[in-house]
Number of protein chains: 2
Amino acid sequence: MTSEKLDSHAVPTLEAVAALAGVSRATVSRVVNGSTKVTPEVTEAVTKAIADLNYVPNRAARSLASKRTQVVALVVPESTAKVFADPFFASIVQGAALQLAETEYTLNMVISSEFKADKTRRYLMGGNVDGALIVSHHSGDHSYAHLGQSLPVVFGGRPVSDAEQGSYFVDVDNVAGAAGATEHLIARGRRNIAIITGPQDMPAGLDRLTGWRRAMEAHGLDQSLIEYGDFSPTSGREAMKRLLDRGAPIDGLFAANDQMAAGAYASIHEAGLSIPEDIAVVGYDDDYFGLTATPPLTTVHQPSIGLGETMARVLVKLMSGTAVDRVTMLPTELVVRQST
Amino acid sequence: MTSEKLDSHAVPTLEAVAALAGVSRATVSRVVNGSTKVTPEVTEAVTKAIADLNYVPNRAARSLASKRTQVVALVVPESTAKVFADPFFASIVQGAALQLAETEYTLNMVISSEFKADKTRRYLMGGNVDGALIVSHHSGDHSYAHLGQSLPVVFGGRPVSDAEQGSYFVDVDNVAGAAGATEHLIARGRRNIAIITGPQDMPAGLDRLTGWRRAMEAHGLDQSLIEYGDFSPTSGREAMKRLLDRGAPIDGLFAANDQMAAGAYASIHEAGLSIPEDIAVVGYDDDYFGLTATPPLTTVHQPSIGLGETMARVLVKLMSGTAVDRVTMLPTELVVRQST
DNA sequence: TTGAAAGCGCTAACAC
DNA sequence: GTGTTAGCGCTTTCAA
């Protein structure tokens with residue numbers, strides 16, 4: 001361990017491989033990087049030397065010389081991280097990570113609080129990553145809006161403001177999903193359909209309300225049964241209580257996510273009403289809450305892992321200079337269970 | 001963009017800072033790295049230059065020169081990633097990420113399938129990271145057992161085999177938690193207490209069964225009501241069904257996680273039995289399943305975010321050469337709700 | 001306390 | 001097709 005000249009544990013360098021294979025370092029580099037202009041024999045010799053030495057390229061050196069980092073940042077605002085346990089988010093991360101694992105890129109997870117947004121931005125702009133994936137529910141957060149102008153960036157979820165116009169993003173079609181869910185309730189014969197939607201500064205909350213309105217309007221139904229939650233089970237429970245306290249007849253409910261639907265279940269049951277007989281319920285997200293609820297919840301399935309995968313795929317294309325659509329919309333699917 | 005000498009968008013280098021501050025690069029480097037041997041005046045001048053130029057050190061260059069990467073890998077076996085939506089895992093990742101965000105280390109998320117375990121191991125050993133956090137439920141997976149001998153590594157969860165003896169790990173005290181849960185059922189007057197535990201090749205499954213046995217034995221109760229699940233809601237439902245089909249009296253149930261407890265709820269209700277009147281139920285994990293269940297589930301709370309945080313903290317100490325205990329056990333806490 | 005100089009391991013012209 | 005030669009931006013002895 002203290003010998004200066006020999007350290008059997010030293011990580012082999014490209015130089016060592018070159019020596020063993022009897023070629024120059026440049027040639028080894030070519031083989032490692034898959035250059036076509038190398039004789040098959042030489043390639044084989046180098047490959048063998050690499051295997052014999054158990055050689056692994058040093059990322060730092062490679063990055064320094066090539067000006068490419070092979071790193072992409074996955075930025076999760078801390079506010080989002082707090083709802084990290086939200087299966088939807090976890091799945092996005094999972095999808096992105098899985099997809100990236102198929103490439104040469106490494107995933108650098110960055111959790112950034114609002115205070116650190118500046119530091120994060122500098123880090124991203126400082127040439128430490130080749131691209132970034134930005135995940136957030138929060139549209140209030142414009143911290144990274146302009147990042148896309150100088151670094152390949154893909155946003156998850158619709159950008160909040162027009163400031164993010166030029167940016168790339170992938171999202172699920174919330175409006176269509178919500179409209180479909182509402183249509184389903186109407187098709188089931190419900191007419192007094194309420195909605196518990198999310199905060200209106202979040203695209204998901206806003207768009208799902210829009211979808212509900214669209215369907216209600218198409219059928220000439222009353223749009224007054226609206227309450228707001230914050231996507232938590234508790235807020236759903238309270239919103240449902242307010243809805244019931246209004247005294248108006250309600251025979252259908254569309255909740256903007258399954259967690260709030262689960263909360264609504266509690267209030268409905270407490271009121272002595274039954275699902276779906278008295279009130280048919282449709283949720284959104286298709287997470288565990290819906291699956292384990294009693295009765296199992298009819299809900300809108302979102303391709304959450306697919307969202308992460310698609311974000312990664314779009315970013316990789318972007319970084320390689322391939323043309324990609326600025327907007328990628330993923331379809332939702334209604335999963336009918338026993339709550340409707 | 002094509003001008004060779006001037007590029008206003010170029011990322012400033014340490015050299016530029018040195019020039020602006022009128023000092024050598026070495027001095028700038030010292031300031032950046034917090035060396036004490038720099039005059040306050042000089043420090044200030046350099047600091048100002050850094051701010052003016054919006055300088056960010058290049059990680060690759062720094063790493064290449066210093067032989068330190070400032071990167072820690074968070075290795076998530078793919079089999080585990082599939083249950084990534086498991087809130088417990090998501091929280092561990094979150095905790096680790098949050099804790100690391102407080103340090104100079106960057107979190108490199110690695111999802112490794114069994115096929116790629118070799119590639120991952122080489123990556124980790126290839127000098128690309130300063131340390132690794134390895135998260136897994138699966139004890140069958142010994143891929144990374146010996147990694148700790150040549151790289152600072154902290155495992156999440158008890159190591160499966162003795163092969164991992166010398167390694168560092170942090171875990172929650174599953175045996176104590178399970179025993180406590182069972183004791184609680186006994187204190188509630190239950191005597192025919194069943195258990196739905198997890199796979200016996202996973203420490204969590206094994207240890208929770210051990211805890212249950214310990215409590216049952218201490219009170220001289222019969223230990224025959226054992227069924228196995230795979231931690232999924234469905235498996236819990238089926239296991240409960242098998243338990244009920246036995247025809248033996250059951251007045252208490254300890255499920256090795258909340259997801260299985262939620263599944264068991266379904267079977268109990270289907271059998272026309274009520275909770276907790278007929279069967280009192282205790283789960284494990286304290287996740288959303290338990291909170292939203294009807295009735296709300298009494299369960300064993302695990303400090304999941306704390307587990308991730310602690311893992312990160314232990315690793316950082318390890319990397320800095322500070323002495324740390326090989327084993328860190330985190331306490332659990334029984335959360336009593338209406339299911340008991 | 002500060003500066004000069006020598007690399008860290010690799011890639012990328014350029015020449016052969 | 002392959003080798004030579006400069007660096008990439010930073011840290012780190014070693015002198016001063």
Side-chain angles (χ1 to χ4, degrees), chain A residues 4 7 10-47 49-50 53-71 104 122-123 125-130, chain B residues 4 7 10-47 49-50 53-71 104 122-123 125-130:
Chain A
E4 308 90 27
D7 185 343
V11 175
T13 67
L14 189 154
E15 174 109 51
V17 175
L20 182 59
V23 298
S24 73
R25 296 184 308 169
T27 298
V28 176
S29 175
R30 288 185 185 106
V31 172
V32 169
N33 293 293
S35 164
T36 49
K37 316 189 168 194
V38 183
T39 325
E41 298 86 66
V42 175
T43 303
E44 193 181 346
V46 172
T47 307
I50 289 177
L53 262 38
N54 215 337
Y55 168 75
V56 186
N58 178 309
R59 283 186 95 91
R62 200 207 279 247
S63 159
L64 185 56
S66 69
K67 306 286 219 168
R68 269 173 274 116
T69 65
Q70 298 291 74
V71 172
E104 286 293 282
R122 277 209 308 278
Y123 173 72
M125 300 302 306
N128 294 305
V129 301
D130 289 346
Chain B
E4 308 89 28
D7 185 344
V11 175
T13 65
L14 188 154
E15 174 109 54
V17 176
L20 181 60
V23 299
S24 73
R25 299 184 304 170
T27 298
V28 177
S29 176
R30 290 188 185 105
V31 172
V32 169
N33 294 294
S35 165
T36 49
K37 317 190 166 192
V38 183
T39 324
E41 299 86 64
V42 176
T43 302
E44 192 180 345
V46 172
T47 306
I50 289 177
L53 261 38
N54 215 335
Y55 167 75
V56 186
N58 178 308
R59 285 187 93 90
R62 198 206 280 246
S63 160
L64 184 57
S66 69
K67 304 288 217 171
R68 270 172 273 116
T69 66
Q70 297 291 77
V71 172
E104 285 293 281
R122 277 208 307 278
Y123 173 72
M125 298 304 305
N128 294 305
V129 300
D130 289 346

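The structure presented is a predicted model; accordingly, all values stated were derived computationally and were not measured.
To the nearest 0.5 Å, atom CG of residue Asn33(A) and atom CZ of residue Arg62(A) are 5.0 Å apart.
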CA sep, side-chain torsions, deciding dist, call: Gln70(B), Arg59(B), side-chain contact (heavy atoms from CB on, under 4.5 Å): CA-CA 8 Å; Gln70(B) 297 291 77; Arg59(B) 285 187 93 90; 3.2 Å; yes

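Residues Asn54(B) and Arg122(A) form a side-chain contact, since some pair of their non-hydrogen atoms from C-beta on lies under 4.5 Å apart. By the 4.5 Å heavy-atom criterion applied to side chains, Asn58(B) and Thr13(B) are not counted as neighbours. Proximity of Val11(B) to Val56(B): side-chain heavy atoms (C-beta onward) are nowhere separated by under 4.5 Å. Ile50(A) has its side chain within reach of Val32(A): a pair of non-hydrogen atoms, C-beta onward, lies under 4.5 Å apart.
Listed for the Thr69(B) side chain is a donor-acceptor partner under 3.5 Å among the backbone atoms of Asp130(B).
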Contact letters for nucleotides 1-11 of chain C, in which S counts primed atoms plus P, OP1 and OP2 and B counts the base, heavy atoms under 4.0 Å: SBBB-BBBBBB

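Once you apply a 4.0 Å limit to the heavy atoms of chain B, the touched nucleotides of DNA chain D run 5' to 3' over dG9(D) to dT13(D).
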